[in-house]
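Following: one structure in C-alpha cells, then a few remarks.
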Amino acid sequence: MAKKEDHSADMGRNGETLKELRELLAIYENIQKERRAALLEAAKREAAGDILTDEKIEEERKAIMRFFSGVKDNRKKKMIARKVNEVAFQAVTIRQAKRSLIVDGLQAEVVNGKQRYPKENPAVAIYDKYCRAYQSNIDKLIELLPPKEVKAKSALASMRDEIEKE
C-alpha cells in the first residue's frame with residue numbers, strides 16, 4: 001500500500017512541476033528573442049548555484065566573522081556584525097559581477113529598433129563600484145580586529161587580496 005501512496009505523491013509533484021513549466025513556457029514565449037538566450041544562461045547558472053544567494057552570502061559572513069571571535073565588547077561586536085554583513089554581500093556580488101564579465105564580456109550589444117550598437121556591460125560599473133566599497137570596508141574591519149589577532153589580520157588582508165585578484 002505504501003508504494004501506491006508514494007506513486008500518488010510523485011504524480012502530484014509531477015503535475016505541479018508540469019503546471020509550473022507550462023507557465024514558464026508561456027512567459028518565455030512572450031520574451032523578445034534577443035533576451036531569451038541571456039535568460040536561459042542565467043537560469044542555468046542559478047540551477048548550478050552560481051548566482052547571488054543568501055546561502056553564499058551567509059557562508060562568506062561566517063568565514064569573515066571567525067576573525068572576530070576574540071572581540072568581547074558587545075557594542076563593538078554589533079558594529080562589526082553589521083559591517084561584516086555588508087562585506088559578505090559585497091564579496092559575493094563582486095564574484096557574480098566578475099562571472100558576468102567573463103561570460104558576457106565587457107560590452108553588450110544593444111538593439112534599438114533596427115539599430116545595433118555596443119554598450120558597456122552593466123557588470124563593469126557594478127564590479128568597479130563594489131570593489132571600491134569592499135576595499136574600504138575591509139580596511140575598516142582590519143582596524144577593528146582584536147590586538148592579539150595578528151594572524152587573523154594577515155589572513156583577513158589575504159582574503160582582501162584574493163578578492164582583488166579574482
Side-chain angles (χ1 to χ4, degrees), residues 13 16-17 20-21 23-25 27-28 31-111 118-166:
R13 282 192 298 269
E16 282 297 311
T17 302
E20 290 173 354
L21 286 171
E23 285 180 49
L24 284 170
L25 182 58
I27 292 168
Y28 186 77
I31 296 173
Q32 294 177 354
K33 287 186 179 186
E34 295 84 20
R35 293 280 304 136
R36 288 182 185 181
L39 288 170
L40 188 57
E41 181 63 31
K44 287 178 184 176
R45 288 190 308 229
E46 184 171 353
D50 290 340
I51 202 115
L52 188 61
T53 63
D54 289 338
E55 292 81 19
K56 295 231 186 249
I57 294 167
E58 183 61 18
E59 282 177 30
E60 189 74 25
R61 187 195 68 76
K62 285 179 181 177
I64 297 169
M65 281 303 290
R66 286 191 320 239
F67 297 113
F68 297 96
S69 61
V71 175
K72 303 297 180 208
D73 182 2
N74 284 334
R75 287 182 5 191
K76 195 172 184 180
K77 277 184 182 180
K78 288 180 183 178
M79 184 175 68
I80 289 169
R82 284 193 301 269
K83 187 62 73 179
V84 166
N85 287 337
E86 285 301 311
V87 168
F89 176 78
Q90 290 166 343
V92 175
T93 303
I94 289 167
R95 287 188 197 114
Q96 184 64 37
K98 184 176 180 179
R99 283 189 201 114
S100 175
L101 292 173
I102 291 168
V103 170
D104 303 326
L106 294 173
Q107 293 186 335
E109 186 175 275
V110 176
V111 179
K119 182 179 177 184
E120 181 180 73
N121 182 340
V124 172
I126 292 168
Y127 185 82
D128 181 50
K129 182 179 177 181
Y130 275 78
C131 279
R132 291 173 197 253
Y134 178 83
Q135 178 69 43
S136 173
N137 286 329
I138 283 288
D139 289 342
K140 289 174 186 170
L141 282 175
I142 289 172
E143 292 170 9
L144 294 171
L145 282 168
K148 65 180 181 181
E149 297 286 336
V150 174
K151 285 185 179 180
K153 181 176 181 179
S154 61
L156 192 58
S158 69
M159 278 182 65
R160 175 190 62 206
D161 296 340
E162 182 182 313
I163 291 290
E164 289 175 354
K165 288 178 186 176
E166 288 184 4

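To the nearest 0.5 Å, atoms CD (Gln96) and OH (Tyr127) are separated by 13.0 Å. Taking CG of Asn85 as the reference point, atom CD1 of Ile57 lies at 9.5 Å (rounded to 0.5 Å). Here the straight-line distance linking atom CZ of Phe68 with atom CG of Leu141 works out to 4.5 Å at 0.5 Å rounding.
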Inset, instruction - Quick one: do Ile27 and Ile31 satisfy side chain to side chain contact (heavy atoms under 4.5 Å, CB included)? Show the steps, please. - result: CA-CA 7 Å; Ile27 292 168; Ile31 296 173; 4.3 Å; yes

Legend entry - side chain to side chain contact (heavy atoms under 4.5 Å, CB included) assessment of Met79 paired with Leu144: CA-CA 10 Å; Met79 184 175 68; Leu144 294 171; 3.8 Å; yes

Inset, instruction - Decide yes or no on side chain to side chain contact (heavy atoms under 4.5 Å, CB included) for Arg82 and Lys78, but give the supporting numbers first. - result: CA-CA 6 Å; Arg82 284 193 301 269; Lys78 288 180 183 178; 4.2 Å; yes

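Of all non-hydrogen atoms in Gln90 and Tyr134, the two that sit nearest each other are OE1-CA, 3.4 Å. Pairing each heavy atom of Asn121 with each of Gly105, the nearest pair is ND2-O, 2.8 Å. The two residues Ala97 and Ile126 come nearest to each other via the heavy atoms CB-CG2, 4.1 Å. Across every non-hydrogen atom of Gln107 and Pro118, the tightest pair is OE1-CB, 3.6 Å.
With a 4.5 Å cut-off on side-chain heavy atoms, Val84 and Phe67 do not count as touching.
Qualifying salt bridge (charged side-chain N to carboxylate O under 4.0 Å, His left out) partners for Glu58, counting only residues two or more places apart in sequence or in other chains: Arg61.
For the side chain to side chain contact (heavy atoms under 4.5 Å, CB included) with Ile80, the lone residue among Leu145, Asp73, Ile64, Val71 that qualifies is Val71.
Salt bridge Glu143/Lys83: absent, no basic N to carboxylate O contact under 4.0 Å.
Within the structure, every pair that satisfies the salt bridge (Lys or Arg N to Asp or Glu O under 4.0 Å) test and touches residues 127-142, not counting sequence neighbours, is listed here: Asp128-Arg132, Asp139-Arg160.
The neighbour count for Ile102 CD1, taken as heavy atoms of other residues, nucleotides or ligands under 6.0 Å away, is above 12.
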